[in-house]
Every structure is written in structure tokens, then in C-alpha cells.
Q: 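One structure follows; several queries about it will come next.
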Amino acid sequence: MRLYPPNRSVGREALNDCEIGDYHVPAGTQLLMSQWVIHRDPRYFDRPDKFEPDRWTTEFTQQLAKFAYFPFGGGARTCIGKDFAMMEAMLVIGSILGKFRLALENDREVEPRPIVLLRPASQIKIRLGSR
């Protein structure tokens with residue numbers, strides 16, 4: 001969800017004139033916030049390009065800056081399917097990993113294809129083995 005979030009960016013429109021950092025943003029300006037970029041920002045994540053599930057300790061998540069991690073957007077317009085998607089992922093992944101060992105068919109790097117939702121650019125072939 002951090003390295004390959006479901007969306008590549010979230011768009012919003014400024015309702016009022018405001019300042020973001022050193023930039024003046026006039027009302028009506030369309031803004032894009034990229035999960036892909038923020039989730040790989042070394043200000044928030046050590047070794048930002050590495051998949052390290054063990055980093056997600058309670059201490060780590062409590063000190064993480066607000067919106068440094070937002071795979072489903074955030075605030076009042078958080079994706080309505082967030083809770084369902086997370087529950088579904090845990091159930092499906094848990095069921096599969098409980099019965100099978102997974103291995104990539106080849107060691108090719110996953111290349112993303114950023115369309116509306118983030119997808120792999122080509123097939124990802126996985127070999128299933130018995131547990």
C-alpha cells in the first residue's frame with residue numbers, strides 16, 4: 001500500500017486563496033497530491049524504496065507526519081471503500097498464504113502503469129507451491 005498504492009495521486013480544488021509552503025495558491029486551483037512520491041520521501045521513510053513491513057510499529061506510526069501515508073486519500077474525502085479493501089486484502093492474502101508458498105516466476109522488477117488506478121505494466125507470473 002505504501003510502495004504501490006491503489007491510486008497514484010489525489011486531486012483537490014482550493015476553495016480559497018491559501019499558501020502552501022512558499023507558494024501562493026489562488027482559489028479554484030486544481031492540486032494533485034501524489035501518494036507515489038510522498039510514500040517514497042526520505043523525510044518520512046528510511047530506505048524509502050524498500051519493502052519493510054517491520055517498520056510499521058506503533059511507535060513509527062505515531063511519529064509519522066499526518067498524510068505522509070495516505071493510500072486511500074484522506075480527510076473528509078477518504079475513499080469510501082478503504083475499510084472494505086483492507087479487510088478483503090487481509091482475508092484473501094491470509095487465505096492464500098496459509099495454503100501456498102508464492103514465488104515470482106522471474107526476478108523482473110515490477111513496472112507500474114499509472115492509469116486511473118495503479119496497475120502493473122505487464123503480467124506478474126507467480127509460482128504456487130504447497131505449504
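Because the structure is a prediction, the values reported are computed rather than measured.
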Q: Around atom CG of L117, are there more than 12 heavy atoms of other residues, nucleotides or ligands at under 6.0 Å?
A: yes
Q: Does N16 use its side chain to pair, donor to acceptor, with the backbone of A27 at less than 3.5 Å?
A: no
Q: Report the distance from atom CZ of F100 to atom CG of L128, rounding to the nearest 0.5 Å.
A: 5.5 Å
Q: Is there a path from F51 to I93 through hydrophobic residues (I, L, V, M, F, W, Y) whose side chains come within less than 4.5 Å of each other?
A: yes
Q: Should M1 and F72 count as side-chain neighbours, where that means a heavy-atom distance under 4.5 Å?
A: yes
Q: Find the distance between CG (N106) and CD1 (I126) and round it off to the nearest 0.5 Å.
A: 10.5 Å
Q: Using modelled atom types and a 3.5 Å cut-off, is there a donor and acceptor pairing between side-chain atoms of T29 and backbone atoms of V25?
A: no
Q: Nearest 0.5 Å please: distance from the NZ atom of K50 over to the CZ atom of R55.
A: 10.5 Å
Q: Using the rule that Ile, Leu, Val, Met, Phe, Trp and Tyr join whenever any side-chain heavy atoms are under 4.5 Å apart, tell me whether Y4 and V92 fall into a single cluster.
A: yes
Q: For R131, does the CZ atom have more than 12 heavy-atom neighbours from other residues, nucleotides or ligands under 6.0 Å away?
A: yes
Q: Counting only heavy atoms not in Q123, do more than 12 fall under 6.0 Å of its CD?
A: no
Q: Give a yes or no answer on whether the side chain of Q30 reaches the backbone of E13 with a donor-acceptor pair at less than 3.5 Å.
A: no
Q: Count I, L, V, M, F, W, Y as connected when their side-chain heavy atoms are under 4.5 Å apart, and connections chain through other members. Are M33 and Y23 then in the same cluster?
A: no
Q: For E59, does its backbone N or O pair with a side-chain atom of Q62 as donor and acceptor, under 3.5 Å?
A: no
Q: If I compare all heavy atoms of P114 with all of R8, which pair ends up nearest, and what's the gap?
A: O-NH1, 2.8 Å
Q: What are the two closest heavy atoms between A14 and P26, and how far apart are they?
A: CB-O, 3.8 Å
Q: Would you give the length of the straight line joining atom CZ of R113 to atom CD1 of I115, rounded to the nearest 0.5 angstrom?
A: 4.5 Å
Q: Count the heavy atoms belonging to other residues, nucleotides or ligands that lie under 6.0 Å from CD of E111, then report whether that count exceeds 12.
A: no
Q: Roughly how far, to the nearest 0.5 Å, is CZ of R127 from CG of L104?
A: 8.5 Å
Q: Report the distance from atom CH2 of W56 to atom CG of L64, rounding to the nearest 0.5 Å.
A: 5.5 Å
Q: Inspect the surroundings of CD in E105 and state if more than 12 heavy atoms from other residues, nucleotides or ligands are less than 6.0 Å away.
A: yes
Q: Let me check something: do L97 and M86 share a hydrophobic cluster, defined by ILVMFWY side-chain heavy atoms less than 4.5 Å apart, either directly or through other members?
A: no
Q: Do you know which two heavy atoms are closest between L118 and P112, and how far apart they sit?
A: CD1-CB, 3.8 Å
Q: Identify each donor-acceptor pair in which a side-chain atom of residues 36-45 lies under 3.5 Å from a protein atom, sequence neighbours left out, and give them as a table.
A:
| unit_1 | atom_1 | unit_2 | atom_2 | d |
| --- | --- | --- | --- | --- |
| H39 | ND1 | R2 | O | 3.0 |
| H39 | NE2 | F70 | N | 2.9 |
| R40 | NH1 | L3 | O | 2.8 |
| R40 | NH2 | L3 | O | 2.8 |
| D41 | OD1 | R43 | N | 2.8 |
| D41 | OD1 | R43 | NE | 3.1 |
| D41 | OD2 | R43 | NE | 3.0 |
| D41 | OD2 | R43 | NH2 | 2.6 |

